[in-house]
Each structure stands twice: as C-alpha cells, then as structure tokens.
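Heads up: the structure comes next, in structure tokens.
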Amino acid sequence: MAYYRRNSSADRMARGLGWFSIGLGVAELVAARRLARWMGMEDQAGLIRAYGAREVATGVGLLAMGDARPWMWGRIAGDALDIATLAAAHHDGNPRRENVATALGTVAAVTALDVLCTAMLHREEAAAWTPPPDYSDRSGLPRPPTAMRGAAKDAPIPADMRTPDILRFEPVGAN
Amino acid sequence: MKALVWHGTADIRYDTVPDPEIEQPRDAIVKVTSCAICGSDLHLYDHVMPGMEKGDIMGHEFMGEVVDVGAEAKSALKVGDRVVVPFTIWCGECDQCRRGNYSVCERSNRNKAMADKLFGHATAGLFGYTHLTGGYAGGQAEYVRVPFADRTHVKIPDGLSDEQVLFLGDIFPTGWQAAAQCDIQPTDTVAIWGCGPVGQMTIRSAVLLGAKQVIAIDRVPERLSMAKAGGAITINFEEESVVERLNELTGGKGPEKCIDAVGMEAHATATLDSIYDRAKQALMLESDRAHVLREMMYVCRPAGTLSIPGVYGGLIDKVPFGMSMNKGLTWRMGQTHVNRWTDGLLRRIQEGQIDPSFVITHSVGLAEGPGMYETFRDKRDGCIKVVLKP
Ligand SMILES: NC(=O)c1ccc[n+]([C@@H]2O[C@H](COP(=O)([O-])OP(=O)(O)OC[C@H]3O[C@@H](n4cnc5c(N)ncnc54)[C@H](O)[C@@H]3O)[C@@H](O)[C@H]2O)c1
Ligand SMILES: [Zn+2]
Ligand SMILES: [Zn+2]
C-alpha cells in the first residue's frame with residue numbers, strides 16, 4: 001500500500017499546489033477567450049478551456065486528502081503539455097510572442113515547483129518504508145481458530161437481532 | 001489535569017485543563033489508568049464528523065479507578081472500584097434502555113434539541129464524541145466525569161490486566177455486536193471489510209459464533225496477517241478484485257453476511273466510485289465515502305444481511321438502493337449497545353476463550369498521544385491499536 005504522511009511539509013506544498021491548480025483552472029475556464037487573445041492564440045480558446053478543466057480535476061484530486069503523488073505526476077504531465085502548446089505558439093509570425101514568453105517562463109517556474117514537491121513526496125515515502133511487522137502469532141485465541149470455531153455458539157442472540165427463520169440460509173431444521 | 005484536547009483538523013494537543021467534578025447526583029469521577037485511540041476518533045481528527053468544538057477532550061475507550069461518587073450512584077459504585085467505562089452513556093430507565101437499546105438512550109444526550117434537529121430524534125450521550133452526542137468530556141485524560149455512572153460502568157474483578165479488559169468499553173462489544181446482529185448460522189460465510197481494531201474483534205467474534213467461513217478485506221499487510229491469525233481468509237483489495245474473490249469463495253452466490261468495519265473514510269481504490277467520492281468530499285458536496293457500502297450491497301447474497309458497525313456521519317451519494325431493495329437485504333447498524341454484551345464478554349475473557357490484548361501494538365504515555373493519532377491514522381510503524389497511559 002501507499003505510505004504517505006499528511007501534514008508533512010511536502011504534503012502541505014502539494015495541497016497548496018492543489019489550490020493553485022483550481023484557481024488557475026477556473027481562470028482558464030472563465031477567461032479562455034481573453035487569455036487566448038493576449039497570447040495571440042485566438043483560435044485556441046477551446047483548448048485553453050480544456051486545459052482549465054484538467055487543472056481543476058488535478059486540483060480536486062490533490063485536495064482530496066489521499067496520496068498526493070499520482071496527482072502530482074498528473075500536474076507534471078500537464079505542465080509538459082502546457083509547455084509544448086506554448087512553445088508551438090512562440091514563433092516569429094505571432095505578434096504577441098512576448099506574452100507567450102512570459103507565460104512560458106511562469107509555467108517553467110511552476111514546473112520546477114511541481115518536480116521539487118514530487119521528489120520530496122517520494123523521498124518521504126522511501127524514508128518511511130520499513131518491512132511490515134509480522135503479526136501472524138496474534139490470534140487472541142487459546143487454540144487454533146479452527147478449534148475455536150463455534151466455541152461461543154451458546155451465546156444468546158437477542159430477539160431483536162435474530163434473523164427470521166424464513167431468511168435463514170441454513171435449511172430449516174438442520175443444525 | 002492533563003488531557004488530549006481537540007483544536008481542529010489534525011490538531012490534538014496534550015493540554016492542562018480543569019479537573020472534572022461531580023455535577024449530578026448520578027455522576028462518578030474515574031481516575032484513568034488506561035485509555036485507547038479508536039478508529040472513531042480518527043473521524044474527529046480528520047474532521048469529517050461534524051459537531052466538534054475547540055477545547056473538547058477526546059477519548060471514549062478508557063478504564064480506571066473510581067475516586068468520587070455522587071449521592072445517587074453510591075448504591076452501585078464505591079471509591080476504589082475498578083471499572084471499564086462503556087462509550088455509550090445510558091440511564092437504564094427510558095423506553096430504549098429498558099429494551100437494551102443503550103446507544104439510543106433517550107435521556108443521556110444533554111444536547112437533545114440540537115441532535116433532534118439533525119437526526120430527527122436524538123441518540124445517546126457518548127464520551128468525547130461531538131456535541132451532537134452530548135459534548136461530554138472524553139477519557140483520554142487523567143480524570144473523567146462519568147454521568148449516569150450507576151449504570152454506565154463495567155466492574156472489573158481482580159486478576160485481569162488493564163490490557164485484557166480495556167476493550168470491553170468499545171471495540172470488543174462492537175465487533176461482537178457486528179457479528180451477533182448477523183445471527184450467524186454454521187453454514188454462513190461472513191465477509192468483513194476493514195481489518196482495523198474493530199474488524200479484528202469482528203473476525204474473532206464471527207469465528208467464535210461459528211461461521212463456516214470468515215473472509216477479511218483490507219490492504220495493509222500487517223493488518224491482513226493479524227486477520228489471518230484470527231482465522232480469516234484474507235483479500236487485499238489493492239491486489240485482487242474483492243467481488244470476484246468473494247464470489248469464488250461462495251460458489252458464485254456471494255456471502256450471506258457482510259460487515260462494514262471501515263466506515264465513512266473508506267480508501268480510494270482504482271475504482272471510479274471511490275475517486276468520485278474523494279472529489280465530492282474534498283469539495284464538501286458529500287460528507288461520507290460509501291465505497292464499502294456499495295460493494296457490500298453488490299456482492300451480498302439476496303436475502304442476506306448487511307451489518308454496519310462502521311461509523312457514518314452524514315450524507316452519502318450514489319447508493320444503489322434499488323439493488324438492496326430488490327435483493328431484499330436486511331440492514332443492521334448503530335452505535336454499540338455496549339453494556340448489553342459486557343457481562344458475557346467479561347466472562348469469556350475470564351474463562352480464557354479470548355484475550356483482546358492481542359490487538360495492541362503500541363503502548364505509550366498520554367503525553368505522546370498527539371503523535372500517536374498520526375501514527376495510527378497513517379498506519380505507520382505497524383500500528384493497529386494504541387493504548388495510552390495517563
Ligand atoms: N458502531 C460502533 O459503535 C463503533 C465503535 C467503534 C468503532 N466504530 C467504527 O468502526 C470503524 C473501524 O474502526 P477501527 O478502529 O477498526 O478503525 P481503522 O481506521 O483502524 O480501520 C479501518 C480499516 O479499514 C480499512 N479500509 C479502508 N478502506 C477499505 C476498503 N475500501 N475495503 C476494505 N478495507 C478498507 C483500512 O485500511 C483500515 O485498516 C470506524 O468507522 C469506527 O468509527 C464503530
Ligand atoms: Zn470507538
Ligand atoms: Zn436511557
């Protein structure tokens with residue numbers, strides 16, 4: 001199973017990035033057209049909106065209190081996609097090249113944070129891993145379980161907890 | 001005195017607080033010698049259960065020595081008595097108590113109006129468990145005030161250690177009731193989700209009550225090995241399909257009895273529904289994750305029984321209720337009527353039929369409690385059950 005420590009510094013950073021994802025995602029969703037125009041990518045508003053939805057989904061995953069690592073890898077993959085899309089728009093024919101460069105710089109900085117956070121999360125897990133202890137001798141019973149089966153059959157089952165005969169699976173009369 | 005105090009999500013502190021005093025004639029004050037952290041406490045620690053306030057003292061699994069007794073409790077208790085205190089506070093006189101339904105006692109919840117509003121009708125008072133169940137100070141402390149103490153106690157005879165009897169206050173009767181309310185027949189397969197402390201007690205109870213086959217489901221290796229030690233066939237839900245394995249082990253028909261010993265914080269597997277739950281819980285659109293309930297409803301044999309000791313707090317989503325209705329399943333659930341079972345179970349411990357101390361993996365001073373909450377929740381260091389010594 002996955003070991004992760006909630007409330008460690010890496011974990012808090014991951015949750016922070018989760019909120020960032022949601023914020024950015026919502027911005028991309030509501031201002032897709034304006035963002036596209038600002039970067040000279042007018043025909044790509046739909047794509048930006050889709051990326052926004054992706055950001056929101058990863059953000060929710062990160063905030064959902066489970067193991068943050070798969071979602072962090074999701075963010076890194078998303079960063080790569082962003083960079084590829086922006087790089088394609090960074091050509092001489094785009095009058096808004098400067099703005100695309102700014103966006104690229106920002107994404108690169110966030111990517112560095114994502115990579116750092118993911119590495120920290122993995123390092124924590126490696127440090128925490130120890131072989132599981134062996135509890136195979138902790139039965140709590142004086143004899144092997146097979147010998148204890150039914151030892152408390154005499155225990156009274158209160159009337160309110162008894163299964164009506166008709167719902168019993170055991171053939172009526174057998175026992 | 002010192003106590004473990006709730007301050008917010010994942011924030012429990014070892015604080016100095018005022019000593020409790022007798023407030024009502026039926027009260028007693030108990031000096032705690034041992035207490036434990038329960039899976040239910042984790043729902044408060046993670047703050048998925050509503051109704052906690054800053055400053056609340058935690059803990060509902062504890063025992064100790066009576067050091068003060070109110071005038072009306074003197075008939076049943078005296079200073080020096082050694083007692084385990086059940087987590088459900090009961091009056092012994094109301095309609096419900098007279099039927100043995102102690103966890104829905106009509107008089108012990110002093111925040112009845114608030115609980116009536118939320119649940120339609122209030123349930124019993126519980127120690128250290130939100131203001132919806134009375135807001136009583138808990139037992140992860142040096143001293144506790146026990147209301148209705150003339151009823152709310154189990155007297156412990158000499159010759160038994162704290163470790164052997166402590167769990168009579170909660171998880172042992174809880175596991176027992178979970179199995180008992182399945183009314184296990186010798187031909188039954190009982191499937192138990194969750195191999196935490198409650199699951200472990202349920203496994204032993206189902207074996208003792210004579211189930212043909214007990215199957216336990218979890219993903220934590222050491223918990224599965226402890227389940228196996230108790231006589232269960234195990235399924236690791238991260239490695240195998242629970243539904244396929246259960247059908248395989250029951251000739252394709254499904255288990256007759258299914259027990260949810262996990263509750264509202266079921267873990268995400270790779271299945272769609274649990275990811276859906278996590279997302280909704282994170283966005284506060286749903287309070288409980290019902291993955292285990294759904295799986296039980298699906299795999300249970302028609303006309304079978306679902307027994308639910310696992311705690312739920314509020315709303316669940318996407319419950320395939322039609323499945324349950326058409327299959328004619330019986331649902332049994334509730335907080336445990338602890339004192340209904342304690343005489344019998346104490347006798348079984350005395351006779352050596354079972355020793356519940358097998359589940360303890362950590363025993364430390366109360367001051368180390370805050371760290372232990374984290375260890376227990378994150379299942380680090382092989383932790384299954386923590387006992388704290390004030
Ligand atoms: N009804 C009562 O009176 C009562 C009393 C005590 C405890 N409880 C409840 O019982 C539940 C269990 O308590 P505990 O002390 O054993 O807690 P725990 O948290 O230690 O155990 C829960 C176990 O369930 C496992 N689990 C999680 N998701 C699962 C899944 N999808 N399938 C199978 N297993 C899964 C976890 O790995 C863990 O081992 C909690 O909800 C607790 O509040 C109820
Ligand atoms: Zn409990
Ligand atoms: Zn009552």
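First the proteins, then the strands, lettered A, B, ... as listed; each starts at 1.
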Neighbourhood of chain A inside residues 228-236 of chain B, taking heavy atoms under 4.5 Å as contact:
Ala229(B), Gly230(B), Gly231(B)

Taking 4.0 angstrom as the limit, do Lys212(B) and Asp188(B) come out as a salt bridge?
no

I need the Ser307(B) OG to Trp331(B) CH2 distance, nearest 0.5 Å.
11.5 Å

Please determine whether salt bridge (Lys or Arg N to Asp or Glu O under 4.0 Å) holds for the pair Glu42(A) and Arg37(A), giving the CA-CA distance in whole Å, both sets of side-chain angles, and the decisive distance to 0.1 Å.
CA-CA 5 Å; Glu42(A) 284 81 356; Arg37(A) 226 177 297 127; 5.7 Å; no

Among Ile184(B), Thr330(B), Thr361(B), Thr305(B), residue most engaged with chain A (heavy-atom pairs, under 4.5 Å):
Thr361(B)

Whatever's closer than 4.5 Å to a heavy atom in chain A on Ile360(B) counts as backbone

Largest heavy-atom contact set with chain B, pairs under 4.5 Å, which of Pro70(A), Ala57(A), Pro158(A), Pro156(A):
Pro158(A)

Can you tell me how far CZ of Phe20(A) sits from CD1 of Ile22(A), rounded to the nearest 0.5 angstrom?
12.0 Å

Heaviest contributor of heavy-atom pairs below 4.5 Å to chain B, chosen from Ala152(A), Gly150(A), Pro144(A), is Ala152(A)

Which answer fits Arg340(B), side chain, backbone, both or neither, if we ask what part of it has an atom under 4.5 Å from a heavy atom of chain A?
side chain

Asp160(A) and Arg162(A): salt bridge (Lys or Arg N to Asp or Glu O under 4.0 Å), yes or no, with the steps?
CA-CA 6 Å; Asp160(A) 60 329; Arg162(A) 233 169 285 141; over 6 Å; no

Please lay out, stage by stage, how Arg347(B) and Asp343(B) fare under the test salt bridge (Lys or Arg N to Asp or Glu O under 4.0 Å).
CA-CA 6 Å; Arg347(B) 186 175 49 78; Asp343(B) 288 354; over 6 Å; no

How many angstroms lie between CD in Gln181(B) and CE in Met161(A), if you round to the nearest 0.5 Å?
5.0 Å

To the nearest 0.5 Å, tell me how far Phe167(B) CZ sits from Gln200(B) CD.
11.5 Å

Measure Ala211(B) against the heavy atoms of chain A and call it side chain, backbone, both or neither at under 4.5 Å.
backbone

Please name the pair of heavy atoms, one in Leu329(B) and one in Pro302(B), separated by the smallest distance, quoted to 0.1 Å.
CD2-CA, 4.4 Å

Atom group of Val214(B) that falls short of 4.5 Å from chain A, counting heavy atoms
neither

With chain B, which of Asp154(A), Asp137(A), Asp134(A), Thr146(A) has the greatest number of heavy-atom pairs at distances under 4.5 Å?
Asp154(A)

Criterion salt bridge (Lys or Arg N to Asp or Glu O under 4.0 Å) on Arg332(B) and Asp183(B), from CA distance to verdict:
CA-CA 11 Å; Arg332(B) 295 186 175 277; Asp183(B) 193 9; over 6 Å; no

In Å and rounded to the nearest 0.5 Å, what is the OG1 to CD distance from Thr250(B) to Gln213(B)?
7.5 Å

Region of Ile384(B) that comes under 4.5 Å of a non-hydrogen atom in chain A:
side chain

Mind ranking Gln177(B), Gln353(B), Glu256(B) by heavy-atom pairs under 4.5 Å with chain A and telling me who comes out on top?
Gln353(B)

